[in-house]
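Data block below; observations after.
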Amino acid sequence: MKVLYVASEALPFAASGGLADVAGSLPKAIRSRLVGCRVVMPLYESIPQHLRENMTFLTSLSVPVAWRRQYCGVFEAKVDGVIYYLLDNQYYFKRQGLYGHYDDAERFAFFSRAVLEMLPHIGFKPDVINANDWQSALVPLFYHIFYANREGFEGIKTVLTIHNIQYQGKYGMELMEDVLGIPPEHRQLLEYDGCVNFMKAGIECADRVTTVSPTYAQEILDPWFSWGLDPILNARKWKLQGILNGIDTDGYNPVSDPNIVHNFSVEDVEEGKAINKKALQERLCLPQRADVPLIGMVTRLTSHKGLDLVKYIMDTLLTRDVQMVVLGSGEWVYENYFREIQNTYPDKFCYCAGFVPELARKIYASVDIFLMPSKSEPCGLAQMVACRYGTLPVVRETGGLKDSIIDCGNEGGFGFTFKTYNADDMLAAIDRALGAYANKPDLKLLRERCMTQDFTWGRSANTYIRMYKELVK
Ligand code: GLC
């Protein structure tokens, strides 16, 4: 069996969020279970030179984008045994940033069309194409309309994985024919609420729709979580499945991570974390105290990450004997807010703006408590990474947070969870975590449990493979 995994970002080449982690680690896990899996993504300008040097040019094609024909170069690279195809078109991809351009609809229509056009030229005919998020959600639609009956393309199954339903690729109807080249008789596949909606088209046309945790698969059937797509998801519920993400436990490993100040394992977690914590406090200009609990957040600063809860209790929390660090950028209201808090409490709170993977890892390894109070969280990877580095997670019971973190009140529990989206409930969970921190035997046991949780891709990769096999049998 052969799978082509289509993603608009994948590590190590380009990343703006969790999709890149998944596209950089799931294919490897699938391949190690003896199922062929290759990845295709755009060749962005930001891909560093040392990675470009290991790419080989395979061929070039002419790709239809409605009435246009656009050049597409196909490059190949191998990472950890996985073949990545990188699709080149400088007009679309030689730009700053991955997304957010005025013509994103056209850029990703081109990408999705190019994925299908390249198939006869690469000597790899997939049994299943797994598209991801709105950027490649047109692959199932294009396959259905233009390729299903074409010689050499017969019998391919398509899967769409939703990593976040908030981002759907919604555009004006005028794009339908002129940019996407969809004939009027297929209009209903793409139209939703009077707009072109890429994700809706993917949900309609894919043979299976998956999302990144079982709880999120349930949640998006409800208008509170669905950003308007619940009617269509309820109608297509039979093909919806939630599969929890794993993380790359080789890449995120405190024993060997070169980004942290001192490597450690479950055997010497106490000393290991203490050394990392001291170094982080120094870097952040916080008092270098070993005994004070250090709370961390690594997050995009958008409202669904639960930042209004954090704002609500911040002053109360900072009256306790704690230190806190927040790393991330996003909406300016939150950036300004955290800057202000840092000015008010300079010896307790530090805000670092940006997306800084090296600092993120130092935070995972150094802090005692990791806070992730999301309003919604399709899967979330940071809570798993934090555990791997011996940090106690405090999370809200939603999406993948609910599916990956077991509260201490339950058997085998290792984290602190709260149910309702309420700031006082969150503070109560933080206080429970602070209580555990103050009790050294508890802390040791919990850290060990966190570090020995199975967050590998093992089980989930098997579930993906089972689903692919069911589709092609
Ligand atoms: C998106 C989701 C996040 C998930 C990630 C990988 O970024 O918001 O919850 O972990 O995709 O699937």
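Computed from heavy atoms alone, side chains included, the values below leave out hydrogens, waters and symmetry copies. We count ligands from 1, going down the list as the structure has it; atoms in each ligand are counted the same way.
- A cation-pi arrangement is present between K311 and Y337, with the terminal nitrogen or guanidinium carbon under 6.0 Å from the aromatic centre and inside a 45° cone about the axis.
- Listed by number with element, the atoms of ligand 1 under 4.0 angstrom from any heavy atom of L381 are 10 (O).
- The pair E204-R236 meets the salt-bridge criterion, with a side-chain N (NZ, NE, NH1 or NH2) lying under 4.0 Å from an Asp/Glu carboxylate O.
- The residues E377 and K305 are annotated as salt-bridged, a charged nitrogen and a carboxylate oxygen being separated by less than 4.0 angstrom.
- Of the options L244, L401, N245, V212, the smallest heavy-atom separation from atom 6 (C) of ligand 1 is shown by N245.
- N130 pairs in a side chain to side chain donor-acceptor pair (under 3.5 Å) with only one of the listed residues (Y464, Y468, Y5), which is Y468.
- Ligand 1 is never approached by G400 to a heavy-atom distance shorter than 4.0 Å.
- Using bins of under 30°, 30° to 60° and over 60° for the plane-to-plane angle, the ring pair F93/F110 lands in the tilted bin.
- Residue V22 places no N or O, backbone or side chain, under 3.5 Å from any N or O of ligand 1.
- For the residues M372, R300, H304, E377, the heavy atom positioned nearest atom 9 (O) of ligand 1 is part of E377.
- Ranking the protein heavy atoms by distance from atom 4 (C) of ligand 1 puts G380 N, 3.6 Å first.
- Scanning the protein for heavy atoms near atom 5 (C) of ligand 1, the closest one is G18 CA, 3.7 Å.
- In terms of heavy atoms, S8 sits closest to L19 at OG-CD2, 3.7 Å.
- In this structure, atom 8 (O) of ligand 1 lies nearest to the protein heavy atom N164 ND2, 3.4 Å.
- Ring geometry for Y85 versus F124: interplanar angle of 30 to 60°, hence tilted.
- For atom 2 (C) of ligand 1, the closest non-hydrogen atom on the protein side is H163 O, 3.1 Å.
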